There are 2 protein chains.
Amino acid sequence: MRSYNARADIVRDGDQSHECCLVLTGFVHRSKLLKDGRRQILSFHTPGDMPDLQGLHLPVMDHSVCTLMRTTAAFIEHAAVRQITREHPGIAEAFWRDTLVDAAIFREWMTGLGQRDARERVTHLLCEISLRLRGVGLATEAGFSFPATQTDIGDALGLSTVHVNRVLQGLRGDGLVRGNLTALTILDWQGLQAAGDFDPTYLQQRPKEAKGGETSGHASLGSAQAVH
Amino acid sequence: MRSYNARADIVRDGDQSHECCLVLTGFVHRSKLLKDGRRQILSFHTPGDMPDLQGLHLPVMDHSVCTLMRTTAAFIEHAAVRQITREHPGIAEAFWRDTLVDAAIFREWMTGLGQRDARERVTHLLCEISLRLRGVGLATEAGFSFPATQTDIGDALGLSTVHVNRVLQGLRGDGLVRGNLTALTILDWQGLQAAGDFDPTYLQQRPKEAKGGETSGHASLGSAQAVH
DNA sequence: CGAACACTTGACTAGAGTCAATGTGTGTGG
DNA sequence: CCACACACATTGACTCTAGTCAAGTGTTCG
């Protein structure tokens, strides 16, 4: 297990990876840097995620994994993972499925980047972050705390920081949210979903358990703990 | 094996898929439609590709697979594929790897959609199409023929048809290419790569064989034949 | 306290979209 | 063989969303 400060690289673009990373506490993002410094954030990850599982079969990284805040992560040698997946096809399928959900989220983001305007992109991302944090018990319908700056949001959505700021002000003005990413209150969840044309199917989340029963269904790839 | 006309759906968004599609001849794309009709093209596929391999473990489609021209495709029941992957972990890994390359291409496209301007996006896509067609023997360095309209390119790159048209004229004016997608001559491959900041690593293509020797390396998932 | 970082605001610019019309080539039916 | 329809490509004029630049204002933290 290793510990990282905020804004630290866990794996770098071009690295030859020989182990998989499992986020235990904290948050990370994956990103690609262009030569001139432009940055595209590709995904955000919560505790329980394995953000570089793809390194198992594509050993040279085409992007970096970086922390958003102080983060701890466990590492498992590829050799060990490979042995497990060889011996237990069910686990191999669960891992494979995990990378497929990853790709489904990429497709949704591509659609946003290509077709949606700034307001739709921002609200869509807020909805996604909310649901994913709720999925690991780090948020409620009322709001969440996520350690991304407006610049991070801009780099994820293909928008400038200034424009992200203005869109957020618009959402506050329309009574949809209050506060900032680091302490966001959702005032109108329905309105937020509508503004972002948000349909959560692509997240492939297990259906919410009714009361307090144990979640059934597909393998869950790790246990999560809130840090903050 | 089934045959499709141009602009036909092979699989539709929302379908519960129970078989995998292998493109034999022709070309297809995958796309998502928004409620108001906006369309994001997510990928293009050549003969030999299995564009909906992900359906194996995410059984409800989050996008459609459509033909660009008259296309023939073979279909394999998920049950059969699953049995093969259970019995032959090496094949499972090859399929898994295929979906991971798919995701790597998504990441590159996301980066383009979020960070690159119109000219960079168009040239980058031209480079990608060229290399991928060459990879299956359907093009040379001199150029290619690809049955996408300017509207298709626009929907893939998040640009309007009119703007795609103007960018292409710019590239012709600068002596980089001649003609149109359906009959493109590449006049300056180096210049095209430079204009699109194109680095083909993400395609994970096997290194070009030296003379005429058999390709070694990773499993190739099908054999291709030119149509057109 | 002061540096660093994030957020906010205003004024101006520019890249890309929209609208509408006009080519241009192809195929088809009479 | 021609007329017509259709799909795709092209052009011009105008608009607008989002970017850029530059200057603030917090706020945190060593």
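Since the model is a prediction, treat every value here as computed from it, not as a measurement. Chain naming here is simple, since letters A, B, ... match the order of the sequence lines and numbering starts at 1 in each. All values below come from the heavy atoms of this structure, side chains included, with hydrogens, waters and symmetry mates left out.
Here Arg119(A) does not pair with Asp117(A) in a salt bridge; the nearest charged N to carboxylate O distance is not below 4.0 Å. Under a 4.0 Å N-O distance rule, the pair Lys32(A)/Asp13(A) does not qualify as a salt bridge.
Note that Arg30(B) lies outside the cation-pi zone of Trp109(B), set by a 6.0 Å cut-off to the ring centre and a 45° limit from the axis. Cation-pi geometry between Arg107(B) and Phe106(A) is not met: the NZ or CZ atom fails to fall both under 6.0 Å from the ring centre and inside 45° of the normal.
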With the criterion being N/O to N/O and under 3.5 Å, what pairs connect the protein with nucleotides 25-29 of chain D, and how long is each?
none

Using a 4.0 Å cut-off on protein heavy atoms (strictly under), produce a 5'-to-3' string for nucleotides 8-23 of chain C with B for base contact, S for backbone-only sugar-phosphate contact, and - for none. BBBB----BSBB----
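For the pair Asp15(B) (side chain) and Arg12(B) (backbone), a donor-acceptor distance under 3.5 Å is present.
A donor-acceptor pair shorter than 3.5 Å cannot be found between the side chains of Asp102(A) and Thr99(A).
Put simply, CG on Leu68(A) is 11 Å from P on dA6(C), counting in whole angstrom units. Taking atom CD1 of Ile153(A) as the reference point, atom C1' of dA18(D) lies 17 Å away to the nearest angstrom. Atom-to-atom, CG of Leu171(A) to C1' of dC7(C) comes out at 16 Å; the value is rounded to the nearest Å.
Between Val23(B) and Thr71(B) the shortest side-chain heavy-atom distance falls below 4.5 Å.
With sequence neighbours left out, Ala194(B) forms a side chain to side chain contact (heavy atoms under 4.5 Å, CB included) with no residue at all. For Asp199(A), there are no salt bridge (Lys or Arg N to Asp or Glu O under 4.0 Å) partners two or more places apart in sequence or in a different chain.
Listed by first and then second residue, the ring-ring contact (aromatic ring centres under 6.0 Å, His included) pairs involving residues 126-147 of chain B are Phe27(B)-Phe146(B), Phe44(B)-Phe146(B) (not counting sequence neighbours).
At its two ends the helix from dC1(C)-dG30(D) to dG30(C)-dC1(D) runs along axes set 30° apart, each axis drawn from five pairs and the angle rounded to 10°.
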